[in-house]
Amino acid sequence: MSAYTEQKLTRDEMAQLVAADIPAGAFVNLGIGQPTNVSNFLTAEQGVTLHTENGMLGMGPVAVGDQVDEDLINAGKIPVTELPGASFFHHADSFAMMRGGHLDVCVLGAFQVSAAGDLANWHTGAEGAIPAVGGAMDLAIGAKQTWVMMSLFTKGGESKLVETLSYPVTGLGCVSRIYTEVAVFELRDAKVYVRSTHGISFADLAAKVPVELTEVK
Amino acid sequence: MSAYTEQKLTRDEMAQLVAADIPAGAFVNLGIGQPTNVSNFLTAEQGVTLHTENGMLGMGPVAVGDQVDEDLINAGKIPVTELPGASFFHHADSFAMMRGGHLDVCVLGAFQVSAAGDLANWHTGAEGAIPAVGGAMDLAIGAKQTWVMMSLFTKGGESKLVETLSYPVTGLGCVSRIYTEVAVFELRDAKVYVRSTHGISFADLAAKVPVELTEVK
Amino acid sequence: MAPRIAASAAQAVANITDGSTVLIGGFGNAGQPMELIDALLEGGASDLTVVNNNAGQADAGLALLIKERRVAKIICSFPRQSDSWHFDEAYRAGEIELELVPQGNLAERIRAAGAGIGGFFTPTGYGTLLAEGKETRIIDGRGYVLESPIHADFALIKALRADAHGNLVYRKTARNFGPIMATAAKQAIVQVDDIVPVGSIDPENVITPGIYVNTLVALGGAQ
Amino acid sequence: MAPRIAASAAQAVANITDGSTVLIGGFGNAGQPMELIDALLEGGASDLTVVNNNAGQADAGLALLIKERRVAKIICSFPRQSDSWHFDEAYRAGEIELELVPQGNLAERIRAAGAGIGGFFTPTGYGTLLAEGKETRIIDGRGYVLESPIHADFALIKALRADAHGNLVYRKTARNFGPIMATAAKQAIVQVDDIVPVGSIDPENVITPGIYVNTLVALGGAQ
């Protein structure tokens with residue numbers, strides 16, 4: 001039976017779970033927003049190296065006080081720091097690093113993920129919305145593994161894990177794991193496995209999510 | 001009437017002519033063999049920067065004595081020196097520089113050049129010959145201008161300036177100027193202009209070369 | 001040709017004419033050639049096609065070029081930001097054309113232009129709205145989109161330092177688009193803190209070789 | 001993952017198995033990872049596909065691998081040299097397959113593999129024997145050939161120095177194929193003069209970021 005906790009996960013608990021799952025020594029890109037929070041739970045022993053697509057490996061924590069340097073920012077344009085062993089490179093080299101499959105894990109937010117691992121996170125498709133994509137499509141398909149962090153349900157209670165995306169696609173078949181406040185999903189072998197549930201039973205979860213779920217026994 | 005000298009040009013005189021034609025401040029790649037000799041006649045005032053496709057701008061003269069360093073060689077694998085203001089880069093960047101049209105002039109040897117500027121210089125096409133191309137095809141089509149230095153006639157007395165190549169092509173329509181011991185040709189506007197003759201009259205030259213020649217008046 | 005040393009940002013951008021395609025470096029404020037953009041604004045060139053990662057922020061630089069309707073078209077990856085109000089207004093009024101490109105494809109297309117590549121197959125964007133109308137191909141079981149180079153008339157770039165041959169070094173993540181944009185433009189115009197004598201930059205550490213640099217202007221580090 | 005530090009060249013190449021595709025850096029002697037090649041020779045792996053600019057010279061390194069018929073196929077730009085007798089003999093005997101690639105296309109194909117590009121249109125080789133059988137296309141009036149990436153199992157590279165994270169710097173024209181080969185192989189094996197503590201290489205001057213390096217072996221500068 002899958003792992004279970006009585007309570008839904010908080011955002012910090014989700015980030016903690018993701019951080020614990022990142023293999024030691026991995027090269028990782030954390031997307032803007034919730035995924036950035038994962039860095040707060042990585043341990044020094046893990047030896048994880050963070051990539052920021054604007055041209056750096058070995059990114060350190062957010063800069064504070066005198067550390068702030070407008071030439072040293074992350075992809076969210078927030079001033080950050082550099083760690084010993086860092087390196088700088090230009091944009092073509094940085095995205096080549098990503099697209100070439102050299103990063104181990106990329107963690108992203110999402111509007112929707114399909115059972116096949118299709119990701120939607122760049123555009124609501126709403127009438128009149130100004131589209132903006134940034135590195136979303138590169139991040140989605142570039143890393144060896146793409147993990148998503150999202151709330152499982154919309155404010156209206158609809159599942160964001162779906163059979164077929166209704167939002168515009170960011171990348172096809174790219175997501176292998178989804179961390180939500182009520183469950184962690186693993187997408188492999190054309191199935192959606194539920195690794196753990198939080199504050200909900202597997203049966204209740206299966207009733208609320210419109211894709212076939214398989215419990216990890 | 002074209003310029004004229006009584007005597008055929010020596011190899012050094014040909015190199016001297018080419019050197020004098022290179023615009024001040026140009027970025028130039030000199031092919032292996034005869035073209036390399038051009039560097040001996042470039043003046044400091046010309047401020048020409050030499051590129052070597054194995055990854056350097058600002059190449060200096062051939063290394064002598066203590067200057068010899070096996071990590072500092074030209075495309076002919078000869079030890080060279082570096083000048084102040086040099087830069088090193090990897091092979092993909094070096095050939096991108098060439099293919100992207102950033103070099104002003106490339107000077108190459110040739111087996112044959114056609115009236116349309118097609119170049120043959122990489123392969124005799126002889127039965128059983130082991131082919132080798134190196135950077136020949138990249139050099140041929142990369143620079144803003146490709147100039148050829150060659151003897152005009154084979155040992156058998158046949159013109160190497162031809163209507164149609166009989167040797168395998170290196171690059172199509174790429175040559176704009178040909179320096180030979182008896183004449184300098186300019187290829188433009190679908191014509192072959194004779195800029196100068198050396199030890200031969202225009203009429204005699206025209207009789208020996210099987211392409212239509214136009215005298216620069 | 002050793003680069004022209006311009007006496008001012010205004011002089012550096014003086015030959016940018018109406019209808020030019022201009023690559024503008026920078027990601028956020030890092031590497032943004034603010035003084036060159038201001039000079040371009042002052043200079044009056046219009047009907048520009050601008051290539052930048054974004055579409056201007058707040059009331060400065062590129063945002064003002066857009067506000068003044070000097071940009072006919074923008075090629076970028078991320079136009080919509082909390083402070084991109086001038087772009088938003090121009091776009092909604094139908095007064096600016098937008099070509100939206102995934103960030104890595106934008107970088108690779110700029111690099112391709114500088115490298116003489118006629119087009120390339122990229123997996124990024126395959127199966128998405130941004131691949132609509134583009135040629136696609138399955139290669140070894142994976143979907144790819146054919147993307148074309150982005151050539152430009154000018155590049156406006158900020159680097160840390162140049163030598164008099166135009167060799168450039170950058171600073172930290174301000175490097176971003178500078179090195180590739182320098183290769184893709186007919187004329188690269190570069191603002192630096194200072195210009196040092198030839199020989200002052202280690203040849204091993206040159207990021208943009210001087211061959212790519214046409215105009216330099218030194219603006220001092222305190223700007 | 002921080003790179004594995006091998007105790008010897010032999011240990012560094014120990015996991016190269018029969019049938020592997022191996023990128024070997026170097027142009028002439030500059031940047032040629034001679035000790036790693038010797039170890040590969042000693043190690044006994046056969047049926048290799050080797051990618052190098054040349055096809056071995058005289059009686060050393062790659063030439064000996066070819067002499068021993070351990071190379072089933074070579075992808076290179078310039079096999080024929082005055083001292084490439086072992087290649088010449090194997091080739092004339094029909095005992096080695098040759099894929100001849102213009103040097104710039106060779107470099108760009110290696111880069112493409114590392115950069116996740118599925119193919120690219122290059123003007124180099126258009127209209128020549130080396131484009132026969134390949135897809136061509138006229139783009140903006142110019143002829144191009146479609147070339148594909150060269151992926152590999154291993155890369156053998158010589159750099160000047162590494163830090164313990166695998167960040168590399170090279171020396172002069174010995175840089176040549178190293179940086180792109182490191183990106184195109186599943187495992188990059190790098191010989192360096194010395195390995196220095198993390199933090200000893202300025203992040204601005206790193207040529208190959210450590211992410212591309214899997215195995216390091218320090219052989220000292222006096223080799």
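Keep in mind that this is a model prediction, so the values were computed, not measured. Naming: A, B, ... by sequence-line order, numbering from 1 per chain.
With respect to chain B, the highest number of heavy-atom pairs below 4.5 Å among D:Ala55, D:Gly125, D:Pro102 belongs to D:Pro102. Interface remark: of the candidates D:Ile110, D:Leu100, D:Asn105, D:Leu100 forms the most heavy-atom pairs closer than 4.5 Å to chain B. Taking chain B as the reference chain and counting heavy-atom pairs below 4.5 Å, the highest number among D:Gly31, D:Ser84, D:Cys76, D:Ala107 is found for D:Ala107. The candidate from D:Asn176, D:Thr122, D:Leu106, D:Ile207 with the greatest count of non-hydrogen atom pairs under 4.5 Å with chain B is D:Asn176.
Interface residue D:Phe87: only side-chain heavy atoms are found under 4.5 Å from chain B. Of the atoms belonging to D:Arg142, it is side-chain heavy atoms, and not backbone ones, that fall under 4.5 Å from chain B. Contact of D:Leu98 with chain B is made through the side chain alone, with heavy-atom distances under 4.5 Å. Looking at D:Arg80, both its backbone and its side chain come within 4.5 Å of chain B, counting heavy atoms on both sides. Within the 4.5 angstrom heavy-atom criterion, only side-chain atoms of D:Gln81, from C-beta onward, approach chain B. No part of B:Ser94 comes within reach of chain D, as not one of its non-hydrogen atoms sits under 4.5 angstrom from that chain. With a threshold of 4.5 angstrom between heavy atoms, D:Phe27 approaches chain B through its backbone and through its side chain. For D:Asn54, the part lying under 4.5 angstrom from a heavy atom of chain B is the side chain only.
For D:Glu95, the CD atom is densely surrounded, since the number of other residues' heavy atoms within 6.0 Å is greater than 12. By the neighbour-count criterion of 12 heavy atoms within 6.0 Å, atom NZ of B:Lys191 is sparsely surrounded, having that number or fewer from other residues, nucleotides or ligands. The 12-atom threshold is exceeded at CZ of D:Arg137, counting heavy atoms of other residues, nucleotides or ligands nearer than 6.0 Å.
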Given side chain to side chain donor-acceptor pair (under 3.5 Å), test D:Gln103 with B:His91 step by step and report yes or no.
CA-CA 9 Å; D:Gln103 197 168 335; B:His91 246 73; 2.8 Å; yes
Candidate pair D:Leu130 and B:Val133, rule side chain to side chain contact (heavy atoms under 4.5 Å, CB included), full reasoning:
CA-CA 9 Å; D:Leu130 299 188; B:Val133 64; 3.8 Å; yes
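Residues of residues 177-190 of chain D that come within less than 4.5 angstrom of chain B, heavy atom to heavy atom, are D:Phe177, D:Pro179, D:Ile180 in numerical order. Scanning residues 115-132 of chain B against chain D with a 4.5 Å non-hydrogen threshold yields B:Trp122, B:His123, B:Gly128, B:Ile130, B:Pro131, B:Ala132, sorted by number. Heavy-atom proximity under 4.5 angstrom to chain D picks out B:Met137, B:Asp138, B:Ile141 from residues 136-147 of chain B. Interface with chain D: from residues 66-85 of chain B, residues B:Asp69, B:Glu70, B:Asp71, B:Leu72, B:Ile73, B:Asn74, B:Ala75, B:Lys77, B:Glu82 qualify, criterion being any non-hydrogen pair under 4.5 Å.
Between B:Asn54 and D:Thr173, the shortest heavy-atom contact is ND2-CB, 3.8 Å. Closest approach of B:Arg99 to D:Gly104, counting heavy atoms only: NH1-O, 3.6 Å.
With rounding to the nearest 0.5 Å, the separation of CZ in B:Phe88 from CZ in D:Arg175 is 8.0 Å.
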